[in-house]
There are 2 protein chains.
Amino acid sequence: MNIPPDIESFVVHFGEMGSRWGFNRTVGQMFALIVLTEEALNADQIADALGISRGNVSMGLKELQSWRLVRTQPQPGDRKDYFRPNGTVWELAMQVLSERRKREVDPTLSVLRSELMNSQDEQNSYSHQKMREIHDLLELFIGWFDDIHKMSPENLKTLLKLGSGVGKVLDMKDRLLTKN
Amino acid sequence: MNIPPDIESFVVHFGEMGSRWGFNRTVGQMFALIVLTEEALNADQIADALGISRGNVSMGLKELQSWRLVRTQPQPGDRKDYFRPNGTVWELAMQVLSERRKREVDPTLSVLRSELMNSQDEQNSYSHQKMREIHDLLELFIGWFDDIHKMSPENLKTLLKLGSGVGKVLDMKDRLLTKN
DNA sequence: ACCAATTTTCAGAAATTTCTGAAATTATAA
DNA sequence: TTATAATTTCAGAAATTTCTGAAAATTGGT
């Protein structure tokens, strides 16, 4: 490995974290390296920095592109592909969240939907009831997430800072409206 | 495998999903089975239903208990351990989220904190700046999550249904307050 | 069209994770 | 205390995932 020392520990850590975030160790390291490096990097530079094979880098970059987390940036006078993060840290985080939603939640929802369809008989069975509860919870979550996802980073940050304080604002709204 | 046919496809699916949710196939199947079954189940019943070894069930139950997703329920006249979901579907979902936060976010935040501490020199380097951005984003998220987590299911459901509509409510509050 | 540079692919090797089942441990009851 | 029932442990086997590197495919320039 030949990572700049000031980012080494984070790059290594993010690799270890990798599997928990939905990709493998080297993909995690590659992502961290690209995000923390100001200059666009080509595949050979990445392979050298992380001490992994050229083939592995190629596969990893394909993976990161399928997540829309990196993009290529042409460098004048060089025909190699150079890679950059595909957006700000905020945008990357949102991108990870929606990609994970797509991979972790959507398939389950789709199984539940068809399961709840093909079983008119057992409408009232305990298991049917529980599957409906899970289904409704996932739908609620997805609706919320899609909605939230459209907001500007600024508004979203405000909302996050507010947290459960939103409850108080809702109360206040009611009080003000009934007064008028 | 010897799963009741009306839940088989979901149990199998949740097993396949397992790794994406932070546990392995059999742990995922065990969890789905326990949640969808009305009666408390003992380890032998689980092993038989899923067609896996007794030892594997023991390890899986330990894992599910470490996530606080299942608990034992003593059955009168039987000294085996019987297992039930540790709460409602809603509570289980919240539990999964906070456990994943603990495993996926907290370690990264802690690495970032110490990284940002031990480098007064490079305060202005690009990588330092990016690490701070990531750090601040994670802190914001965690603060929000902790806050949200305290809310009652009822209020939280309302909030989720509202989605980005909260923005409008905030605007309305401002307008009402300045009018008065 | 040809050549050289670059990227991708993929079969097999290496590493990691999961699973089994028999032995060890722990708990309960007589 | 002893016998029996139940659970846990863990070494090695099996399954799965990740990685390498050489060959194949693609790209771009002349």
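Computed from a prediction, not measured in an experiment: that's the story for all the values here. Throughout, protein chains are lettered first and strands after them, A, B, ... in sequence-line order, and every chain is numbered starting at 1.
- Counting all heavy atoms, side chain and backbone alike, A/H149 lies closest to A/M94 at CD2-CE, 3.6 Å.
- Applying the side-chain contact (heavy atoms from CB on, under 4.5 Å) test between A/I34 and each of A/I46, A/N86, A/V11 identifies A/I46 as the sole match.
- In this structure, CG of A/N56 is placed 14 Å from P of C/dT9, rounded to the nearest angstrom.
- Using modelled atom types and a 3.5 Å distance limit, the side chains of B/N24 and B/T26 yield a donor-acceptor pair.
- Ring geometry, B/W67 versus B/F23: the interplanar angle exceeds 60°, so the pair is classed perpendicular (tilted spans 30 to 60°).
- Taking 4.5 Å as the limit, some side-chain heavy atom of B/D146 sits within range of a side-chain heavy atom of B/R101.
- In the 5' to 3' direction, nucleotides of DNA chain D lying under 4.0 Å from heavy atoms of chain B begin and end at D/dT4 to D/dT16.
- Using a 4.0 Å heavy-atom distance criterion, B/D44 is classed as making no nucleic acid contact.
- Taking atom CG of residue A/L61 and atom C1' of nucleotide C/dT9, one finds them 15 Å apart after rounding to whole Å.
- A donor-acceptor pair shorter than 3.5 Å cannot be found between the side chains of A/E133 and A/Q129.
- Atom pair A/D78:CG and C/dA4:C1' shows a separation of 14 Å (rounding to whole Å applied).
- When the C1' atom of C/dT6 is taken as reference, atom OH of A/Y82 falls 12 Å away, rounded to whole Å.
- When each of A/V57 and B/S58 is assigned the nucleotide of DNA chain D bearing its nearest heavy atom, the one mapping closer to the 5' terminus is B/S58.
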